[in-house]
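See below for the structure under consideration.
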Amino acid sequence: MAHAVEIKELHKSFGDLEVLKGIDFTVDEGQVVCVIGPSGSGKSTLLRCVNLLEQPTKGKVTVGGVELTDPDVDIDAARRRLGMVFQSFNLFPHMTVLQNVMIAQRRVLRRGKDEAERVARENLDKVGVGAKCDAYPPQLSGGQQQRVAIARALAMDPDLMLFDEPTSALDPELVGDVLSVMRKLARDGMTMLVVTHEMSFAREVADRVVFMDGGVIVEEGPPDQVIGDPQHARTRTFLKRVLDPTHSEDDGASGVDEAPAR
Amino acid sequence: MTDQPMTAEPVGPAGQVPGKGRLSPRKRQRISRGIQYALLIAVVVVVAFLTNWKGLGENFAKIDVAKQALPDVFTVALKNTIIYTVGGFVFGSLGGLLLALMRLSSVRPYRWIATVYIEIFRGLPALLIFLLILFLPLALPGFEVPGGTYGQGILGLTIVSSAYMAETLRAGLQAVPKGQSEAARSLGMSHSRAMISVVIPQAIRIVIPPTTNQFVSLLKDSSLILFLGMSGEYVELTKFGNDLASTTSNATPILVVGLTYLLVTIPLGYLAGRLEKRQAKER
Ligand SMILES: Nc1ncnc2c1ncn2[C@@H]1O[C@H](COP(=O)(O)OP(=O)(O)OP(=O)(O)O)[C@@H](O)[C@H]1O
Ligand SMILES: [Mg+2]
């Protein structure tokens, strides 16, 4: 069976800065893959290369059997198969919640008004914000906005969902609602590629975890292995910092070049 | 820090009582304000004495001359001013949007053309543009601006306003967060679809207050149409006032016309201010 996502020798540079230095991995249909790693390691860039919001410098990205890095590919058509959820929600503030979920169905998929509205309401109900159809995004809490953004992507019937730190901009008490929507999606068999710092989510939901640092994949495997029993020092250091942020400074984990006491 | 021993006495405002003989800041301020009022009153009295009130009234506020201006100042002159201004504004906005999109385009020649146009027509006095239009038939024999006098006036205002609108709209387009078009593109929208459905509507919202101000200055610039030398039913406010002032040898029509401008410009300016404040609050 072909992989849902196949990434080969992916490189991405911004000017002189090489952010991705040769990434290889695959996601199979129905799998959930979580990408973890320190800030600046290139996780967002990787995700944005998968739907070509960034043009890779080198390498091959194939999604659902279509090579997106082929210069002649119809990228708008290919993106319809991919849903993307951003850290900052990026809802359209000049439209109601319902319009947000309908606009691309109408303009891109050319669905009729009634069908688009039915699909929109269905998906909004699914993520638990069905009652907010007529509200404008700024009137919603962050957690509600993010769930609307998920519904907006789902309404396009994607084969693959990309999540870029979907809960990082949320107040702690709102994180759970969004994660439970994602958990449900995973259970329903959606193929998902998720950049996250939520280790318990990754442990529970992911089929595989990919740890990135400095633009390369350092370690990947089942969550119990990568998170539970990491093989690499860099992974261990990172996990220590994420799982126990208050003690990351004084246990000397970073150890290499201790700053002199000025 | 010096290593002087701490004194037991607390150092603070209470330690330095101001000299009782000096004026307190409050008293000084009161005296200064009193002097300013006195000066102002003196100037007003002198001006009032020196002014020839009767002559002024005869020339600027003669009731029967003012009556002659009615109702044409509204039904013809104001109406035409609004036609010219709205026409120039609508076409100027469309042209400005096109220029703004060209300026942000990835096609380099588009950027050049838009930049050259904007720099030229923002740098020229509006009057010069109307003179150019006036002499256009000389340069291009047989060429006529469609729409006659209305067409000429609107063309002039369109040329002026499109250059300014282009810059305002460009700023508006750039103020829409990048995440908006990325979200639209990630839903499969094409670049132009994302522009039309997502970016441009938000940019327009952002530029409504500055655009209202531009409408006001366009309304004032429409007075330059006077130099096109149109007649009768096509006159706008300034030409109307000027003509009536000549025939009656009296300046009252100018005053009437001035008040008519203010009737429109002051509420619009106020509206622009309100919109600006509301937007500042929403951000
Ligand atoms: N458009 C861009 N232009 C230039 N540099 C960029 C651009 N986007 C990202 N970078 C740089 O690429 C590097 C990786 O960024 P990226 O956003 O992929 O990291 P990340 O792993 O997602 O980090 P975070 O956890 O903070 O989101 C950073 O050094 C960043 O400054
Ligand atoms: Mg990121």
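We name chains A, B, ... by the order of the sequence lines, and we start the count at 1 in each one.
- Identified by a heavy-atom distance below 4.5 Å to chain B, the contributing residues of residues 87-111 of chain A are Asn90(A), Leu91(A), Phe92(A), Pro93(A), His94(A), Met95(A), Ile103(A), Ala104(A), Arg107(A), Val108(A), in residue-number order.
- The side-chain heavy atoms of Asp76(A) and Arg185(B), taken from C-beta on, include a pair separated by under 4.5 Å.
- Annotation: residues 116-149 of chain A contacts chain B through no residue [non-hydrogen atoms, separation under 4.5 Å].
- If you measure heavy-atom distances from Leu53(A) to chain B, the contacts under 4.5 Å come from the side chain alone.
- Here the straight-line distance linking atom OG of Ser186(B) with atom CZ of Arg152(A) works out to 6.5 Å at 0.5 Å rounding.
- Residue pairs meeting the side-chain hydrogen bond (donor to acceptor under 3.5 Å, both in side chains) criterion with at least one partner in residues 116-127 of chain B, sequence neighbours excluded, are Tyr117(B)-Ser162(B).
- Partners of Tyr234(B) according to the ring-ring contact (aromatic ring centres under 6.0 Å, His included) rule, which considers only residues two or more places apart in sequence or in another chain, are Tyr150(B).
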